[in-house]
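On a predicted model such as this, the values are computed, not experimentally measured, just so you know.
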Amino acid sequence: MSPKNSNILIRMEKIKVGITHGDFNGISYEIIIKTLLDSRLLDLCTPVVYGSARVAGYYKGMMPEAEGFSFNVITDPEQANPKRANMIVCVDENVKIEPGQPTVVSGQYAIASLNAAVRDLKAGKIDVLVTCPINKKNTTGDDFGFIGHTEYLAAQFGDAEPLMFMVSDTLRVGLVTMHMPLVRVPEAVTTEAVLEHIRALKRSLERDFRITGPKIAVLGLNPHAGDDGLLGTEEREIIIPAIQSAKYENILAFGPFAADGFFGSGAYRKFDAVLAMYHDQGLAPFKALTFADGVNFTAGLSVVRTSPAHGVGFDIAGKMVADPAPMRAAIYRAIDIYRNRQVFDAASADPLRHFSKNDRNERGGGEQKGGGRGGNRRGNGNNGGGEGRNESAGRRDADVAELLKADETAAQATADTDASLAAEV
C-alpha cells in the first residue's frame, strides 16, 4: 500500500534478512540452524546466511532434529529462494573447525562474513542485517581495527554516533559509553554526550518502535546517583543539566536515578527506555531480567542491524545445548523495526493536511452541494463517520492524558527508588 500523494511505497513482500555467522567455533551455527528449522519464519522473511556450507554441515550432523535440513547455496541474494534457508559461501570450505577455541582463522572468517553481508546491505540486496557474536580477541587486529560490530557499522555507513540499544518486550536500555575501559568512562560522560544520547533514544523510540512521546529514564554515574554530591558531582554538574536541556526540547527525560534501586524496585517498567552511563551498568540488569528475548540493536544507523544479546558461547560450543530464542528474537526484531521505519518514513514524508473547523465545514458543505457527498462517506450513515472520528479523538485524549501523567510517573519512580535504597541501609 502507499499513502496518498506520496512516492514512498511501503513494501509488503518478505524481507531479506542477511545473517552473519560470527565466530564459527562458538554457538553461532547451532542457533542459526535451530532457528531456521522453524518453517514459520519463512512466512515472514527470506534468510540469507553468509558463511560456510561445510561448517554448517558439521554442526548440523550433531543435531538429530536437523536431519532433513539443508541450505540452498547461492552466489547472490537475488537468487535466494523465498521458501528456503539460503547461504552465500564466503569461507574456504577446507577451514579447520575447533568448537570452543577462538582461533585466528575463525576470527578472520567472522570478518569475511561481516564484510560480505555489509557489501550486499549497502547494495540493497538484503534489507536488514542480523549478526552472530564475534570474539573481540581474534577480530581486533589490523584486518578489522574495530572493537565491535557497533563501531564497525557506524564507520561503514557514515553514522558518526551510533547508539548501542538493548531491547526486549519489557525493557530497553541505551548506553552513553559502549566498549570502553571503566577508568575512561567519567571523562567520556559529558553533558553534550548525555544530551545527544537522550535525543538518539527519542528518535529511535519514535521511528523504530512507533512510540509517541516516549518517556526516558536517565541513570546516574555514581553510587546512589551521587547522593547529592557526597559520592560524586557528575550528576549535578553534567547529567542534570543534560536532562534539563532535553526537557527544553520537549523530551520527556527524567532522573538521574540510582541504578541499583531503579532496577531493583521495578521502576524501569514505568518508562519506555533507560539511558545508562556505561556498559555493565546497563547490560548487567538487562541480561539478568530479559536474557531469553534480549536483542542488541544498533540505533542511529541508516540501516537495521540486530544481534542476539549474548556472546560467542565458547564454553558450550559443540554441546548442542544453546538456546536459539535470542537469535529468533533478533530476527523478529529486525523485521519489526524495518516495517516500523517504513510506516514512520512514509507518514513523515506525507503528513496529513490540517484544517481549521471552518475549513472542514466549508469543505463538507461544498461536497454535499456538488454531489451529496458529505462527512459520511467513510461509514454507513452518520454512525460510520462519527465512529471513526470518535475513535481518533479518543486516541488523542489518551495521548494527552499520558503526557500529563509523565511527571507523576517520574515522581513515583523516584519514590520507589528512594524506598529501595532506604531498605538497604
Side-chain angles (χ1 to χ4, degrees), residues 14-63 65-66 68-93 95 97 99 106-134 139 149 153 295-296 303-308 310 312-313 317 320 322 324-335 338:
K14 287 199 295 182
I15 294 171
K16 283 185 180 176
V17 178
I19 302 172
T20 64
H21 70 179
D23 194 309
F24 59 69
N25 284 331
I27 60 173
S28 56
Y29 275 97
E30 179 185 351
I31 61 176
I32 288 172
I33 293 172
K34 285 181 176 179
T35 297
L36 297 181
L37 280 174
D38 189 343
S39 60
R40 292 175 296 180
L41 189 70
L42 298 178
D43 294 333
L44 299 175
C45 69
T46 300
V48 179
V49 177
Y50 291 79
S52 163
R54 178 177 177 272
V55 176
Y58 174 86
Y59 286 103
K60 174 196 158 191
M62 301 181 187
M63 304 166 60
E65 67 271 29
F69 176 85
S70 65
F71 282 100
N72 174 45
V73 177
I74 57 179
T75 59
D76 190 282
E78 295 176 355
Q79 302 169 347
N81 185 334
K83 298 181 180 180
R84 295 280 305 278
N86 302 275
M87 174 174 284
I88 292 178
V89 175
C90 54
V91 172
D92 183 351
E93 292 292 59
V95 67
I97 307 167
S106 66
Q108 291 173 340
Y109 283 126
I111 297 170
S113 170
L114 181 59
N115 285 336
V118 167
R119 177 197 64 218
D120 288 344
L121 186 61
K122 286 181 176 180
K125 294 183 177 181
I126 57 176
D127 297 309
V128 299
L129 178 65
V130 177
T131 60
C132 281
I134 59 176
T139 57
H149 283 108
L153 291 168
V295 173
N296 181 356
V303 295
V304 177
R305 174 262 171 170
T306 63
S307 180
H310 58 66
V312 292
M320 300 299 112
M327 182 66 186
R328 186 165 53 245
I331 294 176
Y332 286 147
R333 186 68 65 180
I335 294 171
Y338 184 83

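Residue Ile15 is tested with Ile335, Ile126, Val304 for a side-chain contact (heavy atoms from CB on, under 4.5 Å); the sole match is Ile335.
In this structure, Ile88 and Pro77 have side chains that are in contact, with non-hydrogen atoms separated by less than 4.5 Å. Leu44 places a side-chain heavy atom less than 4.5 Å from the side chain of Tyr332. Using a 4.5 Å heavy-atom cutoff, the side chains of Lys125 and Lys16 are not in contact. For the pair Val17 and Leu129, the minimum side-chain heavy-atom distance is 4.5 Å or more. Contact of the Lys34 side chain with the Glu65 side chain is registered, since non-hydrogen atoms from C-beta on lie closer than 4.5 Å. Under the 4.5 Å side-chain criterion, counting only non-hydrogen atoms from C-beta, His21 is in contact with Val91. Side-chain contact check for Tyr50 versus Asn115: every heavy-atom pair is 4.5 Å or farther apart. You'll find the side chain of Val128 stays beyond 4.5 Å of the side chain of Ile331, heavy atoms only.
Here CE of Met63 is found 5.5 Å from CD1 of Ile33. Values are rounded to the nearest 0.5 Å. Ile111 CD1 to Ser106 OG: the interatomic distance, rounded to the nearest 0.5 Å, is 10.0 Å. Atom-to-atom distance recorded for Cys132:SG and Ile19:CD1 is 7.0 Å, nearest 0.5 angstrom. Residue Leu42 holds its CG atom at 10.5 Å from NZ of Lys83, rounded to the nearest 0.5 Å. The CD1 atom of Ile134 lies 10.5 Å from the OG atom of Ser113; values are rounded to the nearest 0.5 Å. Note that CG of Asp127 is 8.5 Å distant from CG of Leu121, once rounded to the nearest 0.5 Å.
The nearest pair of heavy atoms linking Ala117 to Thr20 is CB-CG2, 3.6 Å. The two residues Asn72 and Gln79 make their nearest non-hydrogen contact at ND2-O, 4.3 Å. Ser52 approaches Met87 most closely through the heavy-atom pair C-SD, 3.4 Å. The nearest pair of heavy atoms linking Pro308 to Ile31 is CG-CD1, 4.4 Å. Across Val49 and Leu36, no two heavy atoms sit closer than the pair CG2-CD1, 4.2 Å. Across Phe71 and Ala56, no two heavy atoms sit closer than the pair CE1-CB, 3.7 Å.
Taking the charged nitrogens against the carboxylate oxygens, Asp38 and Arg328 have no contact shorter than 4.0 Å, which rules out a salt bridge.
There is a side-chain donor-acceptor pair under 3.5 Å between Ser70 and Arg84.
Other residues, nucleotides and ligands contribute more than 12 heavy atoms inside 6.0 Å of the NZ atom of Lys122.
Proximity of a side-chain donor or acceptor of Asn86 to a complementary backbone N or O of Ala80 within less than 3.5 Å is not detected. Although no hydrogens or angles enter the test, the distance criterion places no donor-acceptor pair under 3.5 Å between the side chain of Glu30 and the main chain of Ala317.
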I'd like to know whether Phe24 forms a side-chain contact (heavy atoms from CB on, under 4.5 Å) with Val95, so could you lay out the CA-CA distance, the side-chain angles of the two residues, the decisive distance to 0.1 Å, and finally the verdict. CA-CA 10 Å; Phe24 59 69; Val95 67; 3.5 Å; yes
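The aromatic rings of Tyr29 and Tyr59 lie parallel to each other, their planes meeting at an angle below 30°, with 60° marking the opposite boundary.
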